[in-house]
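All remarks here apply to the structure that follows.
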Amino acid sequence: MIAVLLLGLIGGYLAAGSTVGAGTVTVTREIERTVELRTTLTERLVQTVTLTRELPVTVTRTETQVVERREPEVRYAKLFSIERGDGYTLVKDGLNRTILLVRRGQSAPQNVRADLVVQVPVERAVLMSATHVALVERLREYSPGIWDRVAGIMWGRSYQWFFREVERMIEEGKLVDVGAAWSPDYELLVSLRPDLVMIYTFEGDPVRSKLEELKVPYVVNSEYLEDTLLGRFEWIKFVAAFFGLDEVGAEVFRLVELRYQLTSHKVSASIEALDLRPVKVAWFSVYRGTIYVAGGLSYVANSIYDLKAVYAFSDLKVTGGAQVSLEEFVARASDADVLVVSTDLIQSLEALTEEIPQIAEFKAVREGRVYRFNSNVYQLGYMDTEGWFLDLASMLYPELFPEHTPSYFVAL
Amino acid sequence: MRARDLSAGYGRREVLTGVSLEVEKGKLTLVVGPNASGKSTLLKTLAGILKPLGGVVLVDGREVHRMKGRERARSIGAVTTSRPQVSEMTVEEVVGMGRYPWTGPFHLLTPRDREAVERAMEVTGVVHLRRRRVTELSDGQLQRVLIARALAQEPDYLILDEPTTHLDAPSRIEVMTLLRDLASEEGVGVIASTHELELALRFGDKIVLVSSGTVKVYQRPEDAVGDPEFAGAFSVGRSISLSPVSLSVEVLQRPRGDAPKAFVVSGSGTGPPVFRALVRGGYEVSAGVLHENDIDYHVAVSMGLEVVSERPYFPISEGALRAALERASASDLIVFTYPPVGPLNSGNLRLLEELLSMGLEVYGVGSSRTYDVPGLRVVGSVEELPIAGERRISVAPALPPWSGTRYTGSSPRSSGSSRDRSS
Amino acid sequence: MRRYVLPVLPASLLGSVLLSAATGSVKVPLESVIGGLLGFRAEGLAATVIDLRLVRTVAALASGASLGAAGAILQSLFRNPLADPFVLGISSGSSLAIAATLIAGTGLGLISSYDPQALYVAGALGALAVSLAVVALSSLLRSVLGLVLVGVMLGYLASALTTLLVITSDVERMRAFTFWTLGTFSASKWSVVSSVLPIAIGSLLVSLLVAKPLNALLFGEETAASMGASVRASRVGAVAVAASLVSCSVVVSGPIGFIGLAAPHAVRLLLRTEDNRLIVPLSALVGAELAVLSDVAARTLMSPLELPVTAVTSLFGAPTVLVLVMRRWGIR
């Protein structure tokens with residue numbers, strides 16, 4: 001009886017597929033399983049598991065491979081994103097709202113969830129900020145009729161225009177002034193029947209709530225919250241998408257990115273070659289005795305780091321601005337090589353000294369390397385971001401850019 | 001209304017203790033006392049505006065302090081010293097506010113309410129002012145209106161704090177009369193404080209003296225006058241006296257040791273103005289011969305003057321004449337006031353004759369005299385009497401405007417005796 | 001005079017409502033306007049525009065009526081002709097509380113954006129806090145100007161704290177808040193207005209009940225007590241109602257100055273009365289009208305730019321204060 005059992009076992013074992021070899025028995029079985037790990041905006045990850053059985057051991061071989069890789073469209077900006085689909089584009093705006101852009105005449109795809117659907121290119125846009133206008137102006141070079149697609153601007157005569165064209169259009173009534181950004185004339189706005197209102201907003205913003213109530217289509221542009229210079233400018237892709245100028249936007253951005261990178265390379269290479277001392281910069285404004293400085297994580301600071309310079313307040317871990325005491329300011333900025341006053345309200349060294357008497361002893365003042373904002377910095381300086389960066393480089397390293405005079409900063 | 005062993009004050013500060021008194025309906029109780037003695041505190045505590053610090057205030061057996069505001073207001077009305085900021089209100093509206101404890105949340109007046117308002121205005125005599133605005137009223141009228149307001153509450157008891165202060169003399173009498181009528185005719189129990197001692201004594205049914213942290217109740221004004229403690233509570237160093245007969249206040253004469261002496265012959269009311277003027281003028285005044293039932297006698301006695309007197313209804317005796325003669329001849333100034341003369345006091349004329357025959361100067365005061373006495377030096381009024389030293393009588397004649405020249409009075413400089421005829 | 005005034009006031013209020021509905025940057029035919037007011041919906045753009053104007057008008061009515069009644073109560077309570085929610089700093093206290101709630105609250109995730117109920121409660125607490133501070137301090141300073149100084153002080157304090165809060169947020173918020181702190185109807189929304197309206201109406205009704213005790217208080221606290229009024233309860237009640245009214249107004253429109261000051265004076269001038277039973281409700285009426293007319297002016301004077309409402313109300317408010325102060329000091 002036991003002999004029969006043993007025989008049966010051995011027999012069965014041998015029957016399970018074996019190659020007969022002298023003295024050895026090998027059984028091979030391969031099982032393959034493929035698992036899709038994840039799909040992101042930029043890549044599709046797939047995992048393949050192969051099981052091979054060789055007596056007495058089972059060998060498992062796992063292979064993970066990226067099946068599909070896509071270039072992310074938005075590389076510097078963190079507050080918006082663009083995703084391309086089949087015949088549509090999905091944009092996430094500054095409030096993380098999903099906006100579905102569909103070409104005019106085409107139907108919206110069925111199973112795509114969105115907070116807002118906009119037909120592009122828009123025909124009656126309304127812009128809230130001069131920075132939005134700056135981006136549109138940049139795009140105008142490649143699409144001369146772009147302003148025909150804009151119906152109104154929230155200006156309210158609250159600032160001076162540096163875009164002559166825009167000013168002219170408002171005067172001629174081709175662009176409607178819809179009132180100040182913090183309190184627009186909703187009647188006028190509604191009468192323009194806008195198909196897109198581009199706004200900037202904040203928590204508890206009454207304008208946005210009112211637009212919601214009026215069911216006016218709006219998107220949130222948060223370029224000013226980005227912490228890198230290129231991140232700020234990359235919003236041109238955001239704007240371009242609504243005007244159907246996606247490729248133009250991408251190319252303009254690539255151009256600006258290139259120029260930025262080249263300027264940065266030039267500086268770092270020169271520093272190494274010429275063994276230049278690190279330059280220290282202080283970036284501040286003062287109003288009624290209170291001193292505000294750019295944060296160590298702000299776009300200003302990051303631009304300075306990209307030029308291999310030292311920022312006097314780099315340890316202030318904020319992306320916006322911060323208020324510092326006079327002593328703190330004097331302690332850190334007195335030995336700065338370059339001072340940049342981030343306002344156009346202080347127009348002379350005398351005015352500056354009046355606000356901060358101690359500044360007369362600062363290194364930068366004694367060496368005459370103090371600059372202030374030019375009034376056009378918010379409009380033209382943004383439109384020409386690469387120029388802004390070049391200005392900064394020339395202020396920090398004048399010896400490297402001897403022919404260059406800053407356009408968006410003024411020497412005091 | 002009854003206060004039983006009441007302690008009154010503010011917060012923890014006791015102003016009055018051991019107060020027991022009763023305010024009877026139909027009677028006017030007047031509260032007097034020196035300044036800051038606690039009269040207001042007492043009245044406010046009775047009215048329920050202030051909490052008693054000890055003891056109780058009862059109205060018809062109920063504790064005032066525990067009563068609900070509305071209920072209390074229907075029993076007790078109060079008029080305080082504060083002036084309301086109701087310049088644009090009409091009199092009728094102000095009085096109407098008195099119906100507060102009777103009206104609903106929107107203070108709409110029913111016919112019954114209007115009746116009460118009307119009545120209150122009638123009693124206080126302000127009906128003809130009903131449409132006038134408060135700013136257009138005189139002080140006296142306003143006070144009556146405020147009393148009317150309290151009356152409109154139809155209270156059983158009315159409590160008033162200094163209702164006559166800041167009023168002119170006729171208005172004071174008006175208000176006092178009103179209060180007395182409210183008590184006697186309307187049957188309200190009225191209690192009010194006043195600074196007017198004489199008015200209080202004349203008008204009040206009961207007098208309450210507040211001083212030295214407690215209270216003394218007099219059932220009749222006469223009792224108060226007779227009590228030396230009463231006068232003592234007011235006078236600073238005994239400079240006034242109260243006449244029980246006339247219930248009047250007189251300033252006691254307090255002459256300096258070296259004061260000149262004056263002797264006044266008067267009667268039938270002609271004397272007191274001269275007595276008072278001379279006392280003010282610094283003289284030590286004596287009078288005679290006055291009958292004991294003559295008003296001049298009472299005033300003189302009240303003022304503490306030395307009086308040569310005669311029994312009522314008796315002709316002036318030789319003894320009295322001699323005494324008067326003695327006094328007068330020792331005086332620096334003799335004044336005759338031309339009283340009415342009859343058989344009983346013709347002796348005074350003989351006195352004058354004697355004095356003149358002695359060579360003494362006698363002044364006669366009386367511009368409205370009905371007879372003459374030869375030999376007197378006549379002056380038209382009290383002001384023209386020679387006054388000792390530099391002191392002039394306080395009723396000064398109207399001076400011409402200062403023109404740069406020094407004003408010299410008509411009175412001779414008196415260095416002492418008026419016997420000096422050469423001046 | 002009284003007979004003519006009483007029917008004229010509501011009529012002119014209706015007139016100003018009509019004016020408000022008919023005025024704006026976009027031309028809308030009058031028939032559509034009247035139709036819209038009566039409830040008939042116009043078509044298309046006209047409907048939206050009329051709706052925009054309507055919500056502003058209703059907001060102005062609610063806000064102005066609240067301020068008018070509150071001003072009447074405060075002037076009577078403090079026996080001070082210069083009392084007004086703005087002047088006494090109560091509006092500032094209210095907006096400080098609202099600002100704190102908006103900025104800090106949303107930051108901490110306590111409330112979601114513009115929640116009118118939560119903001120009303122915050123605003124009411126802020127208004128109440130300042131009102132009580134004013135009451136407490138006013139017993140120390142009995143003079144007319146003294147009270148105003150206290151109010152100005154508290155107002156500055158509240159504004160300073162608000163600015164502090166706002167400054168720590170970003171620039172855009174600062175701009176928007178600065179505009180809001182001077183009062184505006186431009187961002188009026190039905191959701192806010194319809195939430196606050198019942199509270200405002202309720203508070204206005206309660207304010208009528210406060211009139212009788214306020215009349216008694218005119219006679220002085222002691223006399224009022226002797227008339228049967230409960231002085232402390234009346235004061236607290238009056239302050240509470242005023243605070244609630246101010247808060248309603250501030251939630252709807254931000255703090256607006258001078259309406260609470262001018263409306264009661266206008267009523268007193270027209271009717272020559274001191275009776276709060278008339279002054280309080282009529283001040284609400286006049287306040288509503290002033291607010292509506294100020295709103296029309298604010299949006300038309302410099303169109304398309306919108307002026308803050310207090311800028312407009314100051315035009316009649318500041319001279320009123322001046323005249324009142326001069327009268328007090330005996331200068332003719």
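Since we're looking at a predicted model, the values are computed, not measured. So that the names make sense, note that chain A is the first sequence line, chain B the second, and so on, each numbered from 1.
Only the side chain of B:R72 comes within contact range of chain C, judged by heavy atoms closer than 4.5 Å. Neither the backbone nor the side chain of B:K68 comes within contact range of chain C; no heavy atom of the residue lies under 4.5 Å from a heavy atom of that chain. If you measure heavy-atom distances from B:V94 to chain C, the contacts under 4.5 Å come from both the backbone and the side chain. Residue contact with chain C, scored on non-hydrogen atoms closer than 4.5 Å, is absent for B:A47. Residue contact with chain C, scored on non-hydrogen atoms closer than 4.5 Å, involves the side chain of B:I49 exclusively. Only the side chain of B:R149 has a heavy atom closer than 4.5 Å to any heavy atom of chain C. Proximity to chain C (any heavy atom under 4.5 Å) is shown, for B:T90, by neither the backbone nor the side chain. In this structure, no portion of C:A224 lies under 4.5 Å from any heavy atom of chain B. Proximity to chain B (any heavy atom under 4.5 Å) is shown, for C:A216, by both the backbone and the side chain.
Counting only N and O atoms by type, the side chains of B:T81 and B:D161 include no donor and acceptor under 3.5 Å apart. Donor-acceptor pairing under 3.5 Å is lacking for the side chains of C:T313 and C:S294.
Between B:E174 and B:T177 the shortest side-chain heavy-atom distance does not fall below 4.5 Å. Between B:V208 and B:V32, the closest side-chain pair of non-hydrogen atoms is not below 4.5 Å. Put simply, the side chain of B:L50 reaches to within 4.5 Å of the side chain of B:T41, judged on heavy atoms.
Considering only heavy-atom pairs separated by less than 4.5 Å from chain C, the leading option among B:A150, B:G48, B:A78 is B:A78. Your options are B:P84, B:G98, B:S82, B:P155, and the one with the most heavy-atom pairs under 4.5 Å with chain C is B:P84.
Listed for the B:W102 side chain is a donor-acceptor partner under 3.5 Å among the backbone atoms of B:Q153. C:S203 places a side-chain N or O within donor-acceptor distance of the main-chain N or O of C:I199, the cut-off being under 3.5 Å.
A cation-pi geometry, defined here as NZ or CZ lying under 6.0 Å from the six-membered ring centre and within 45° of its normal, does not hold between C:K212 and B:F106.
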